[in-house]
Amino acid sequence: MLTILLIVGAQGSDLQKITPWLLGASFTISIFSVNFTFFGYQLSKYKAIYDQISRRQWFNLCSLLVLPFVPLMAYLFYPDYFGFIALGILPLLVLSSWDNASLTYKYLDASQFIANSTKKNAIDKYLHSLELEIKKEVIIHKAYLNNKDKFQIPIHGYSFEPTILGLEPDDIWDSMTIVTNLAIENNDYPTFRKAISAVFRVLMESYSYSSSDDEHQVDSGVRFIARKRFRGIIKQVIENDSNGIFLQSLSGELCEALLDADLINKPCSDVTRAVASEVVWIGSNMLEYKTITEPLKVLNSIQRVIEINLQRLENGDASKFEDQMDRINIAAYAHDIKALGVSALNGNNNHFAYRCMESLSYLGCNAAKLKSTHTVTAVFESIVHLGRMSRNLEIGCFWSRCLIPVESHAEEFLGHILTWLVSDIDSSGKFFMKDHAEQAYSRLRGVKCVVKPKNKSNPKFWIDELKDNDKTIPHIESQSGMFGYSGYLDYSEFSNLKEYALHGIGSETSSTICYSEPIPLDLVEDTTEE
């Protein structure tokens with residue numbers, strides 16, 4: 001429209017006087033627009049997010065290179081119309097230049113790139129394409145399993161894991177990995193936050209995805225890919241973040257997501273456990289690589305998840321099978337806290353290790369009050385292992401004003417839990433999980449211990465060490481396997497940090513965990529009538 005108005009308005013004017021100006025303006029606009037486009041790409045911090053120029057921008061660039069020569073070509077054939085043609089293409093050149101600049105800014109804007117790459121329809125399209133590729137591998141895997149009569153297949157051979165970890169050429173995980181790495185490289189914290197939020201959105205969509213054929217192996221394959229790619233991005237952050245700021249931000253984002261209602265209300269679901277394990281892994285790396293801050297938010301978030309759900313599960317409807325399983329599986333969060341404590345000890349961060357034992361103590365007291373056997377057992381195992389590990393490292397206490405070694409603090413925390421366990425003690429001295437408590441103390445001290453609560457005294461004085469000929473008896477646990485092999489663990493050897501399940505074997509009994517081959521049952525139907 002502007003071109004037509006200029007041509008109509010120029011009727012009757014002597015355009016020959018401004019012909020050089022029109023020609024110079026056309027070439028100037030064209031040259032500067034093309035140059036600034038390529039300068040924009042070369043100087044951009046995020047030029048790596050695109051591997052090619054879009055068709056629309058190619059059209060603009062070609063127009064800018066061709067249009068200035070149109071008046072010159074017209075001059076050869078229609079010299080009288082040269083000025084009008086030169087005047088008419090000016091608006092077209094200006095429009096192409098403006099659109100070209102707009103596209104350059106838009107394409108090199110990392111925030112816009114993240115938003116476009118992780119739209120709901122883009123993620124759905126990606127997951128559907130991924131499903132089609134995984135189905136091909138599922139067919140091959142099923143064909144392999146159909147030959148199980150011809151050769152032996154180990155148990156782990158039945159599980160399915162896809163070999164592909166993305167699509168070609170437009171893979172969302174590839175794009176998010178690139179932009180995340182660039183944000184760290186450029187110290188662009190706002191873009192990093194947006195990238196991590198988008199990555200987590202893709203992860204959640206992957207875990208909630210259900211294949212069109214309701215194929216379990218396909219769904220598990222999608223989750224497998226999402227988990228591996230998500231872990232890959234986290235690993236890149238750990239390796240590239242020299243000052244720890246981005247790692248701290250990443251752990252904070254995941255902690256916030258873990259405490260969201262969609263996850264915290266399903267603590268043992270695949271996606272919640274996946275996020276929790278990644279949070280713990282990040283926290284462990286922060287401790288071992290000694291970043292600028294301790295991952296206290298990670299520790300507090302993990303404890304909050306188990307504390308809230310432990311209360312809900314123990315006071316909820318016991319008839320639901322899912323809740324019954326969660327009561328058992330939720331104890332995994334206690335082992336998560338232990339993993340953080342182990343990393344703290346390996347990283348010589350005694351303070352954080354103490355905080356982990358303190359959190360376990362609070363958790364154990366609450367679990368004992370609710371009589372959550374599995375969680376109390378997991379807490380006992382965790383505190384004992386951290387205590388034994390501290391003794392082996394000979395670290396003492398983290399506080400400069402305290403000479404009490406950490407293993408004694410570990411026993412102190414066991415005593416806090418013990419005070420809740422003895423609330424229902426009977427006349428014979430039996431109380432809830434008495435055998436588990438005795439086994440925990442025996443492991444920690446390395447000698448057989450019995451618990452005999454006494455009024456008006458500290459739990460430390462409830463512990464009696466069994467003796468034989470005035471010598472303490474080493475605490476040794478043994479196991480007999482189903483194929484004739486056996487083993488034992490001498491807890492009086494404090495350098496042995498082997499972890500072993502706490503079965504609740506009291507010190508006043510001598511027991512061995514035995515495993516035997518399944519007993520075949522020949523069931524004969526009784527057809528006789530009475």
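- Between the side chains of R391 and S495, not a single donor N or O lies within less than 3.5 Å of an accepting N or O.
- Between the side chains of Y441 and R445, not a single donor N or O lies within less than 3.5 Å of an accepting N or O.
- Side-chain polar atoms of E477 and H503 form no donor-acceptor pair below 3.5 angstrom.
- Under the 3.5 Å distance criterion, with hydrogens and angles disregarded, no donor-acceptor pair is assigned to the side chains of Q439 and D435.
- The pair E239-K235 meets the salt-bridge criterion, with a side-chain N (NZ, NE, NH1 or NH2) lying under 4.0 Å from an Asp/Glu carboxylate O.
- With contacts defined as side-chain heavy-atom distances shorter than 4.5 Å, the pair V447/H475 does not qualify.
- More than 12 heavy atoms of other residues, nucleotides or ligands lie within 6.0 Å of CZ in R273, so this atom counts as buried by the packing criterion.
- Applying the side chain to side chain contact (heavy atoms under 4.5 Å, CB included) criterion to E185, with sequence neighbours excluded, gives L182.
- Scanning for ring-ring contact (aromatic ring centres under 6.0 Å, His included) contacts around H141 gives F160, with sequence neighbours left out.
- Ion pair E358/R355 flagged as a salt bridge, since at least one NZ, NE, NH1 or NH2 atom sits closer than 4.0 Å to an Asp/Glu carboxylate oxygen.
- E288 and S343 are linked by a side-chain donor-acceptor pair at a separation below 3.5 angstrom, with hydrogens and angles left out of the test.
- Between Y126 and Y209, the gap from one ring centroid to the other reaches at least 6.0 Å.
- Every residue meeting the side chain to side chain contact (heavy atoms under 4.5 Å, CB included) condition with I328, not counting sequence neighbours, appears here in chain and number order: H374.
- No side-chain heavy atom of K452 sits under 4.5 Å from any side-chain heavy atom of W462.
- For the side-chain contact (heavy atoms from CB on, under 4.5 Å) criterion with F192, the lone passing option out of I184, I245, V179 is I184.
- Counting only residues at least two apart or in different chains, side-chain hydrogen bond (donor to acceptor under 3.5 Å, both in side chains) contacts with residues 395-409 comprise H409-E412.
- In this structure, the side chains of S249 and I196 stay at 4.5 Å or more apart for every pair of heavy atoms.
- A donor-acceptor pair shorter than 3.5 Å can be found between the side chains of Y500 and Q479.
- Taking the side chain to side chain contact (heavy atoms under 4.5 Å, CB included) definition, one finds that S251 meets it with Q248, I282, M286, V298, sequence neighbours left out.
- Between K371 and E314, no side-chain nitrogen of the basic residue sits less than 4.0 Å from a carboxylate oxygen of the acidic one, so the salt-bridge criterion is not met.
- Within the structure, side-chain hydrogen bond (donor to acceptor under 3.5 Å, both in side chains) contacts touching residues 261-270 (residues at least two apart or in different chains) are S269-T272.
- Counted by atom type alone, E137 and Q217 present zero donor-acceptor pairs between their side chains at under 3.5 Å.
- The shortest side-chain heavy-atom distance between R227 and Y207 falls under the 4.5 Å cut-off.
- Classified by interplanar angle (parallel below 30°, tilted 30° to 60°, perpendicular above 60°), the ring pair Y354/F398 is tilted.
- Atom NZ of K471 sits in a sparse spot, with 12 or fewer heavy atoms from other residues, nucleotides or ligands closer than 6.0 Å.
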